[in-house]
4 protein chains.
Amino acid sequence: MLLFQLQGSDDRPIYARIAEQIKFAVASGVLRPGDLIPSVRDLSRQMVVNPNTVARAYRDLQQEKIVDPVRGTGLQVAQGAAEVCRDLRKAIVRDRIRAAIQEARQTALEPTEIEAILRDEWTRSNGAPH
Amino acid sequence: MLLFQLQGSDDRPIYARIAEQIKFAVASGVLRPGDLIPSVRDLSRQMVVNPNTVARAYRDLQQEKIVDPVRGTGLQVAQGAAEVCRDLRKAIVRDRIRAAIQEARQTALEPTEIEAILRDEWTRSNGAPH
Amino acid sequence: MLLFQLQGSDDRPIYARIAEQIKFAVASGVLRPGDLIPSVRDLSRQMVVNPNTVARAYRDLQQEKIVDPVRGTGLQVAQGAAEVCRDLRKAIVRDRIRAAIQEARQTALEPTEIEAILRDEWTRSNGAPH
Amino acid sequence: MLLFQLQGSDDRPIYARIAEQIKFAVASGVLRPGDLIPSVRDLSRQMVVNPNTVARAYRDLQQEKIVDPVRGTGLQVAQGAAEVCRDLRKAIVRDRIRAAIQEARQTALEPTEIEAILRDEWTRSNGAPH
DNA sequence: GTGGTCTAGACCACC
DNA sequence: GTGGTCTAGACCACG
């Protein structure tokens with residue numbers, strides 16, 4: 001059974017995180033083209049979130065053509081979605097890392113220090129994988 | 001002469017970016033304990049921003065004990081501020097990088113792919129330094 | 001029904017008095033953890049004060065972790081807040097009394113005279129309770 | 001030699017504290033009618049304070065008839081000043097204590113708790129006199 | 001509906 | 001000159 005939930009500290013809007021989770025589920029193959037995603041009502045109950053918030057996430061997903069409406073049934077993962085999401089996922093990851101590094105540079109920290117932090121955090125994340 | 005200005009795309013509030021710039025200036029030694037920071041009016045003129053917005057940033061800096069008020073004169077960098085800001089700066093950088101890596105992991109990307117991206121972006125940032 | 005209002009003569013800023021009233025309401029149990037505090041707009045209307053002034057008070061309360069934001073809903077009293085506020089209230093009272101006594105001593109008044117004033121004012125305040 | 005200096009934490013304006021110190025010196029007999037008070041320049045240097053600030057304090061003292069100008073010489077303590085200051089001193093002390101007690105009552109603390117604090121702080125101030 | 005941000009401009013106390 | 005407070009009103013994101 002699919003389980004979506006909000007992770008800890010994160011100041012991004014809830015609807016964006018919900019949409020992202022769906023995309024990542026598609027990207028990793030947990031959800032495949034043709035699969036129905038959870039109904040707004042179900043997901044909102046499961047996540048203890050206002051239904052409007054889930055609806056907003058789903059609206060965004062429709063606009064991005066990640067999901068298609070099926071009359072009287074629900075929303076299904078669109079045909080091209082898997083590939084789109086895989087690309088998207090990688091691009092998102094890359095963008096965030098790029099931004100983090102760029103910001104680090106702008107603080108006038110020594111490049112060697114930044115590199116040390118990068119190595120450090122990478123190995124650390126290997127040691128205690130989520 | 002000190003030059004503060006708002007960088008390009010950044011969705012954080014203006015006052016937060018102003019406060020951060022001051023902190024980084026202190027961290028890097030451009031501003032030292034005892035120095036007066038630019039007056040609200042000067043800085044607001046220089047940055048083309050409402051004086052209240054600068055005032056808000058300065059108020060936050062006071063609460064964090066980064067600056068001290070000198071009645072009728074202005075705000076001066078507090079005594080312990082340099083060290084505090086250096087630590088702060090490093091902590092901020094570290095946190096952002098950690099968050100970026102952690103999110104990358106949560107997307108179920110292959111670790112080797114993440115590592116590749118890290119390397120790639122790091123060298124890329126060296127090639128075209130800020 | 002909760003009633004907040006500005007008391008008579010007091011040269012402290014309005015936002016500080018608003019924040020203090022909230023704290024005291026929490027300390028005395030009128031507001032309990034999980035309760036929503038009045039909305040910025042409601043309270044500003046009730047107190048005949050600019051909404052920004054109330055917002056400023058609420059922002060301070062957030063920084064002190066007395067209240068937590070619930071996105072799109074309002075601000076609720078934080079979990080640990082009751083105890084914090086009780087301590088705070090007592091500390092405030094104690095500090096003010098200590099300061100008053102200390103200043104009395106510094107004026108080179110006879111200790112017996114100070115003590116007499118203390119007794120006098122205490123009984124007087126009992127006679128005509130607020 | 002007379003020594004005036006600013007005490008620690010106190011958010012009242014500097015000029016008010018200077019004026020108060022002069023008054024208390026008169027009340028306690030350290031300064032007597034006819035005595036010259038320090039010149040603006042001397043006192044400002046001694047207290048490491050802007051001369052304007054001392055001048056402001058002296059202006060207030062003149063308006064209250066605590067000191068009289070002596071042409072080409074300076075300011076001297078006025079004739080009736082000693083008695084005025086003694087009364088003033090007591091009134092100030094009394095007012096502050098009254099205000100402290102009144103505020104304590106408004107916080108909805110138990111009267112017994114307030115009384116305990118009063119006793120406690122009074123004995124404490126006896127134990128470690130300034 | 002909620003709070004958050006920003007602008008504009010007035011007034012004040014202090015030095 | 002300095003910062004601090006307050007008002008008025010606009011706009012935005014979120015639920």
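Owing to the predicted nature of the structure, the values given are computational and were not obtained by experimental measurement. Residue numbers start from 1 in every chain, and the chains themselves are labelled A, B, ... in the order their sequence lines are given, proteins ahead of strands.
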- Under the salt bridge (Lys or Arg N to Asp or Glu O under 4.0 Å) rule, what pairs show up with a residue in residues 66-79 of chain B, not counting sequence neighbours? none

- With a 4.0 Å cut-off, would you call D:R12 and D:E20 a salt bridge? yes

- Task: Identify the 5'-most and 3'-most nucleotides of DNA chain F with at least one atom closer than 4.0 Å to a non-hydrogen atom of chain B.
- Result: F:dG1 to F:dC6

- Query: Whom does F:dC14 pair with, Watson-Crick or G-U wobble, provided both distances fall under 3.5 Å?
  - Reply: E:dG1

- Query: Do the side chains of C:F4 and C:P38 get nearer than 4.5 Å, heavy atoms only?
  - Reply: yes

- Taking for each residue the nucleotide of DNA chain E bearing the nearest heavy atom, is the 5' side occupied by C:Y58 or by B:R41? C:Y58

- Task: Kindly indicate whether the side chain of D:R41, heavy atoms from C-beta on, has any atom under 4.5 Å from the side chain of D:P51.
- Result: no

- Could you let me know what F:dT7 is paired to, Watson-Crick or G-U wobble, both distances under 3.5 Å, or none if it's on its own? E:dA8

- By nearest-nucleotide position on DNA chain E, the 5'-leaning member of B:V49 and C:S39 is C:S39

- Item | Cation over ring face, A:R56 and A:Y15, 6.0 Å, 45° | yes

- Contact class for C:Q62 vs. all strands (heavy atom < 4.0 Å): base, sugar-phosphate, or nothing? sugar-phosphate

- Message: With a 4.5 Å cut-off on side-chain heavy atoms, are C:K23 and C:V26 touching?
- Response: no

- Item | Close side-chain approach of B:L75 and B:L36, heavy atoms under 4.5 Å | no

Measure all distances between protein nitrogen or oxygen atoms and nitrogen or oxygen atoms of nucleotides 13-15 of chain E, and list the pairs falling under 3.5 Å.
from	atom 1	to	atom 2	distance (Å)
E:dC14	OP2	D:Y15	OH	2.6

- C:Q46: which of C:V49, C:V48, C:L43, C:D42 passes side-chain contact (heavy atoms from CB on, under 4.5 Å): C:L43

